[in-house]
Amino acid sequence: MALVDEVKSRSDIVQVISDYVDLDTSSRQPKALCPFHAERSPSFVIYPESGSWRCFGSCAEGGDVISFMMKKENLSFVEALENLANRAGIKVEERNNEPRKKPITGLIEANEIASEYFLSRLKAPVGAETLEYLKERGIDIETAVRRGLGLAPSGMETLSGHLRTRNVQARTARDAGLITRKDDGSWRDMFTGRLTIEIRDARDRIIGYGARTLDGSEPKYLNTPQTDAFDKSSIMYGLNWAAESIRASNEAVVVEGYMDVIAAHEHGFTNVVASMGTAVTGQQLDSLSRHATAGGIGTVILCLDSDAAGEAATMRALESVTAELNSGRRKGLEVKVARPDGGKDPDEAIRSDPDSWRASLTAAEPLLDYLIIAKSKLHNLESGRGIADFANGVAPLIYNITNDYDQDRYWSTISKLAGVTEQRLKSIVDKPRSTSRKGSKGGFGNNARRNGAFKRGNSSQFMDSGRISSDQVSEVLNTTGGDALEEHLLALVLQLDDLREHAIAMPPEFLHQSDNRALFTAWQSSSKLGEISHELGEDLTEKAHRLAEHELPPSDQARHVEDVTQCVMRLRERHSRQIKALEKERLEDYKELDSEEAEELLGQSLLPNENLRKAMTGRA
């Protein structure tokens, strides 16, 4: 049995959801006020027989136990699957004889023990100077405890010795990044003579540490090395504190340092996190996007240190963020740049004048606008060479914009900065290579067979009819054990990039299988598997590859377009019929409702009728 199927079969959807809402279980289908929007009358219904749920109110969403966990906890598909598997006591076994990441429970426990040790040293006489340093930065002992600060002392006393007394094996401590082996074979602490800072993941587990020097030695900051629990490129420091605030405000503020985050949260800026480096990675953007766009359009504000605003490394990092956004993976996310006044980093700016820092966030400008202005200051725009270098420096950013209106607007801005006409400007920039993908294979498949011989069924009958029959579709996919219609659509779009525009706008909820829905949502953000495989997990990535290698019935471009269009319409019709059937069950309780609730319920029932009419007529 596939892991997805096992998780769903062993997860009691009523029990799982009851942990989040107060359920009325007096009827066959438990109901509650929807946890995803405000309402007065219960419109959220659970169907235990099918293991599904649906909101008949304003959010009009539904799914299974996995999709509920994804939405409620803002988790990716693989994270929700792992969460439910652990809850159901399912041991995630190795598949296909491929090694899985080692369990990190032991590493987390070792980090917890280390945290107790570091805090005890901070409170001991050996920590007096460190406490004085923290006091100068506005941090008292209560704040230090609340924010997970501690001390890794120098001298004879060591963390490695303390871990031995707590029966933590040297291998576990090493794998957690707490100790390292010296040339003579003995063990030494990873951090000595440093202020330690707990780094927690979104589930509030200590996965690593940052450590700041206290004696001026270099480097100024050290981090836990890469471990099975700690991946610097995917972790946002402070997200465990900030997640709820980011979801509520649809806005995240990203700073660079640990102390910046601590100062922000202590002064009431509760949506602040740190990237733990100059660059914000694609995985970090994914994490922020899930939270910031949970309630609609989201914003991420990159708050630059004033002394870093013009550095080449910072410019390159911002350009990489622009490229990530232009990839189309993170719909509904806007990125802006804020610059604190007075040459102060966020920590100092917040502590000295929080109102001024708040104003700098309000005045944040769109990322690309900031980049264009910043790049213009790097060149002598009084010279032809300077104009050419400036134009060629920003042209790739503009050509990556998919919206023609925005492209024209930015060309106009650049021409005004350079003091030349748009026509002249475009004549001196290097033209991008053609990005036409007509006739190309999808990014998921290496072997998309678009016109090869169809080995199953009667291909001559297909060619005569001019349409791919449902029998052929079922025969091609009959070995998958999944939903044939959903998986046929996925096979088409994963293999044929030319079909992207014909399916990209389909609402993911038309797919009723949670794994298919997660895969389609990932495809909507990017057709390249390598860019999103970390979001999918091993099982879903394997399914994506399998569908990308399925042999499709022979056809030409026009027939493939018709096929995918028919798939979308059939999925929409099926979805609307299902909602109407569920709505009919609700209407059976009509007489038991008071007049206000009955009127609201009747109003909700009109939506499935309208959607079904659209599906049947093919009209939007």
- Task: For the pair H512 and H575, name the ring-plane relationship: parallel under 30°, tilted 30 to 60°, perpendicular over 60°.
- Result: tilted

- Query: Would M236 and V254 count as a side-chain contact (heavy atoms from CB on, under 4.5 Å) if you check the C-alpha gap in whole Å, the side-chain angles of each, and the deciding distance to 0.1 Å?
  - Reply: CA-CA 9 Å; M236 299 298 296; V254 181; 4.0 Å; yes

- Note on the structure: Between L489 and M506 the two heavy atoms that sit nearest each other are CD2-CE, 3.7 Å

Check: residues 359-369 side-chain donor-acceptor pairs under 3.5 Å, at least two apart:
unit_1	atom_1	unit_2	atom_2	d
S360	OG	W357	O	2.6
T362	OG1	R358	O	3.2
E365	OE2	R339	NH2	2.7
D369	OD1	Y410	OH	2.5

- Message: Treating N400 as the side-chain partner and P396 as the backbone partner, does any N or O pair qualify as donor plus acceptor under 3.5 Å?
- Response: yes

- Any idea how F68 and W53 line up, ring-wise: parallel (<30°), tilted (30 to 60°), or perpendicular (>60°)? perpendicular

- Message: Counting only heavy atoms not in R424 (residues, nucleotides, ligands), do more than 12 fall under 6.0 Å from its CZ?
- Response: no

- Task: Please answer whether the main-chain N or O of I373 pairs with a side-chain N or O of S376 as donor and acceptor at a distance below 3.5 Å.
- Result: yes

- Query: Between CG of L519 and CD of E487, what distance do you get to the nearest 0.5 Å?
  - Reply: 9.5 Å

- Of all the heavy-atom pairs spanning H488 and C567, show the shortest one and how long it is. CD2-SG, 3.6 Å

- Task: Measure across R572 and F510 and return the closest heavy-atom pair with its distance rounded to 0.1 Å.
- Result: CB-CE2, 3.3 Å

- Message: Run D498 and Q557 through side-chain contact (heavy atoms from CB on, under 4.5 Å) and show every step you take.
- Response: CA-CA 8 Å; D498 292 347; Q557 173 67 8; 3.3 Å; yes

- Inter-residue atom distance I207.CD1 - I235.CD1, 0.5 Å rounding: 3.5 Å

- Message: Any side-chain to backbone donor/acceptor pair from T413 onto R409? Under 3.5 Å, distance only.
- Response: yes

- Task: For K71 and F36, work out which heavy atoms get closest and say how close.
- Result: CE-CG, 3.4 Å

- Item | Check: E251 side chain, T299 main-chain N or O, donor-acceptor pair, under 3.5 Å | no

- Task: Take F269 and V253 through the side-chain contact (heavy atoms from CB on, under 4.5 Å) test and state the conclusion after the steps.
- Result: CA-CA 9 Å; F269 299 97; V253 178; over 6 Å; no

- Query: To the nearest 0.5 Å, what is the distance between CZ (R247) and OG1 (T293)?
  - Reply: 11.5 Å

- Item | P340 side chain reached by C303 side chain, heavy atoms, under 4.5 Å | yes

- Message: Are the side chains of Q283 and D231 in contact, using a 4.5 Å heavy-atom criterion?
- Response: yes

- Message: Are the side chains of I414 and L425 in contact, using a 4.5 Å heavy-atom criterion?
- Response: yes

- For the pair E319 (side chain) and V394 (backbone), establish whether a donor and an acceptor sit closer than 3.5 Å, ignoring hydrogens and angles. no

- Item | Heavy-atom donor-acceptor pair, S415 side chain to S412 backbone, under 3.5 Å | yes

- Message: Please determine whether a side-chain nitrogen of the Lys or Arg among R290 and D286 lies less than 4.0 Å from a carboxylate oxygen of the Asp or Glu.
- Response: no

- Task: State the CG-CG distance between L571 and L485, to the nearest 0.5 angstrom.
- Result: 4.0 Å

- Can you find a heavy atom in the side chain of Y370 that is under 4.5 Å from one in the side chain of L318? yes

- Query: Do I398 and I372 come close enough that some side-chain heavy atom pair is under 4.5 Å?
  - Reply: yes

- Applying salt bridge (Lys or Arg N to Asp or Glu O under 4.0 Å), which residue pairs with at least one partner in residues 501-518 are found, sequence neighbours left out? D515-K543

- Query: Under 3.5 Å, is there a donor-acceptor pair between the side chain of D260 and the main chain of D347?
  - Reply: yes

- Does the pair E486 and R574 meet the rule for a salt bridge (charged side-chain N to carboxylate O under 4.0 Å, His left out), with working shown? CA-CA 11 Å; E486 293 183 7; R574 183 187 71 173; 2.6 Å; yes

- Which atom names give the shortest non-hydrogen contact between P35 and F44, and what distance separates them? CD-CD1, 3.7 Å

- Item | Minimum heavy-atom distance L511-N516, with the two atoms named | CD1-O, 3.6 Å

- Message: Distance check, rounded to the nearest 0.5 Å: E256 atom CD versus Y237 atom OH?
- Response: 14.5 Å

- Item | Note, V561 side chain near L499 side chain (heavy atom, < 4.5 Å) | yes

- Please examine the side chains of I297 and E334, heavy atoms only from C-beta on, and report whether any two atoms are closer than 4.5 Å. no

- What do the steps show when you test E73 against Y20 for side-chain contact (heavy atoms from CB on, under 4.5 Å), and what is the final call? CA-CA 10 Å; E73 295 289 353; Y20 297 91; 2.7 Å; yes

- Message: Could you walk me through whether D563 and R559 satisfy the salt bridge (charged side-chain N to carboxylate O under 4.0 Å, His left out) test, starting with their C-alpha distance in whole Å, then the side-chain angles of each, then the deciding distance to 0.1 Å, before giving a yes or no?
- Response: CA-CA 6 Å; D563 191 14; R559 288 168 178 166; over 6 Å; no

- Item | Gap between atom CG of N250 and atom NE2 of H291 - 0.5 Å precision | 12.5 Å

- Query: Is a side-chain N or O of S67 found less than 3.5 angstrom from the main chain of D64, in a donor-acceptor match?
  - Reply: yes

- Item | Side-chain touch D497/R500, heavy atoms, less than 4.5 angstrom | no

